[in-house]
Amino acid sequence: MTDRIVSEHSGGVALLTVDAPASRNALTLDLSAQLAAAVEAAERDESVHAVVVTGTPPVFCAGADLSALAAADEPGLRAIYEGFLAVARCELPTIAAVGGAAVGAGLNLALAADVRLAGPRAKFVARFLELGLHPGGGMTWMTQRLAGPQQAAAMTLFGQPLDAEAAVRAGLALRVVDGGHDELLTAARELAHPAVAAPREALVATKRSLRATASLAEHSAAVDVEIRPQLASLASPEFAQRLSLLQDRIRSRP
Ligand SMILES: C/C=C/C(=O)SCCNC(=O)CCNC(=O)[C@H](O)C(C)(C)COP(=O)(O)OP(=O)(O)OC[C@H]1O[C@@H](n2cnc3c(N)ncnc32)[C@H](O)[C@@H]1OP(=O)(O)O
């Protein structure tokens with residue numbers, strides 16, 4: 001079977017599956033380019049409000065394809081990064097549904113999403129140094145930012161793997177979803193549901209503000225970042241409609 005990114009848009013969600021089971025969903029240059037194209041197609045599709053990234057079981061993603069990695073120069077490495085960087089750049093909310101091992105660049109891919117749901121067999125492994133490789137693709141930044149300096153050191157310097165429960169404790173995953181791949185995807189769709197129900201413009205603006213305020217030192221600076229998009233949403237017909245529905249509901253309470 002050909003290695004590919006399977007992209008399905010339904011119910012407001014783009015489900016992107018890295019489907020290369022023979023190599024445990026390892027990322028070739030071609031797969032990374034396909035993944036980036038699939039993320040961009042989801043952004044262009046106005047019916048899509050959230051992106052779920054997963055891998056064909058039993059793993060999430062085994063990282064860079066080892067033969068692509070062995071031959072990689074700087075453009076080659078950057079081409080491998082392109083898939084997970086497209087997820088990191090995505091203007092829509094993103095969820096990684098991690099059902100198995102996420103190793104090396106596969107960990108980068110999982111951490112590039114806004115939120116991770118972990119199946120009981122999920123495993124988060126940096127791996128790089130064990131292979132004699134310096135971490136790449138922003139791994140030192142991502143792990144420190146998400147899990148703090150000690151956990152980042154444990155993962156990148158000491159190669160500590162995190163199972164699903166440990167990933168939740170470390171703040172790398174939102175929660176563990178019991179069951180198999182289907183249950184994991186159902187949980188991802190349920191998590192996405194409020195984003196699917198939200199007006200797309202306000203949703204995209206909220207994600208933009210999360211990024212813009214993340215590195216600010218002052219609360220007041222965040223208030224300034226948020227005031228314009230909040231004013232824009234106040235002026236939208238969606239807000240007027242939803243407000244009137246809410247008021248009707250409140251009035252009709254016994
Ligand atoms: C710039 C980025 C750098 C990086 O990403 S560095 C990290 C590179 N990745 C790795 O080191 C991961 C290597 N793979 C594994 O550790 C394991 O696999 C898994 C934990 C992911 C899964 O284990 P299991 O389910 O037991 O599978 P299996 O028997 O080890 O492998 C099944 C087939 O998958 C191929 N494969 C696994 N990972 C890769 C890879 N990264 N690139 C290419 N092929 C891979 C194997 O060779 C083998 O193939 P065959 O069935 O022909 O013997």
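Residue numbers count from 1 along this sequence. All ligand and atom numbering here is 1-based and tracks the order in the structure.
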> Would you say A22 and ligand 1 have an N/O pair spaced under 3.5 Å apart?
Replying inline: yes
>> I need the nearest protein heavy-atom contact for atom 37 (C) of ligand 1: residue, atom name and distance, please.
In response: S23 O, 3.8 Å
>> Is there a side-chain contact between V87 and L109 in this structure, where contact means two heavy atoms from C-beta onward sitting under 4.5 Å apart?
In response: yes
>> Show every ring-ring contact (aromatic ring centres under 6.0 Å, His included) that has at least one partner inside residues 120-163, sequence neighbours left out.
In response: none
>> Using a 4.0 Å cutoff against the non-hydrogen atoms of A105, which atoms of ligand 1 qualify?
In response: 2 (C), 4 (C), 5 (O)
> Looking at ligand 1, does any of its N/O atoms fall within less than 3.5 Å of an N/O of P58?
Replying inline: no
> Is F128 close to ligand 1, meaning an N/O of one under 3.5 Å from an N/O of the other?
Replying inline: no
>> Yes or no, since that's all I need: does a protein heavy atom fall within a distance strictly under 4.0 Å of atom 47 (O) of ligand 1?
In response: no
>> Any non-hydrogen side-chain atom of R24 less than 4.5 Å from a side-chain atom of V103?
In response: no
>> If the test is side-chain contact (heavy atoms from CB on, under 4.5 Å), which one of T94, V6, L35 qualifies with L16?
In response: L35
>> Check this for me: does any side-chain nitrogen of one of R78 and E74 sit under 4.0 Å from a carboxylate oxygen of the other?
In response: yes
> Can E91 and R211 be counted as an ion pair, charged N to O under 4.0 angstrom?
Replying inline: no
> Among the heavy atoms of L69, does any lie under 4.0 Å from an atom of ligand 1?
Replying inline: yes
> R251: what forms a side-chain hydrogen bond (donor to acceptor under 3.5 Å, both in side chains) with it, not counting sequence neighbours?
Replying inline: D248
>> Using a 3.5 Å cut-off on N or O atoms only, is R127 in polar contact with ligand 1?
In response: yes
> Would one find an N or O of A62, backbone or side chain, under 3.5 Å from an N or O of ligand 1?
Replying inline: yes
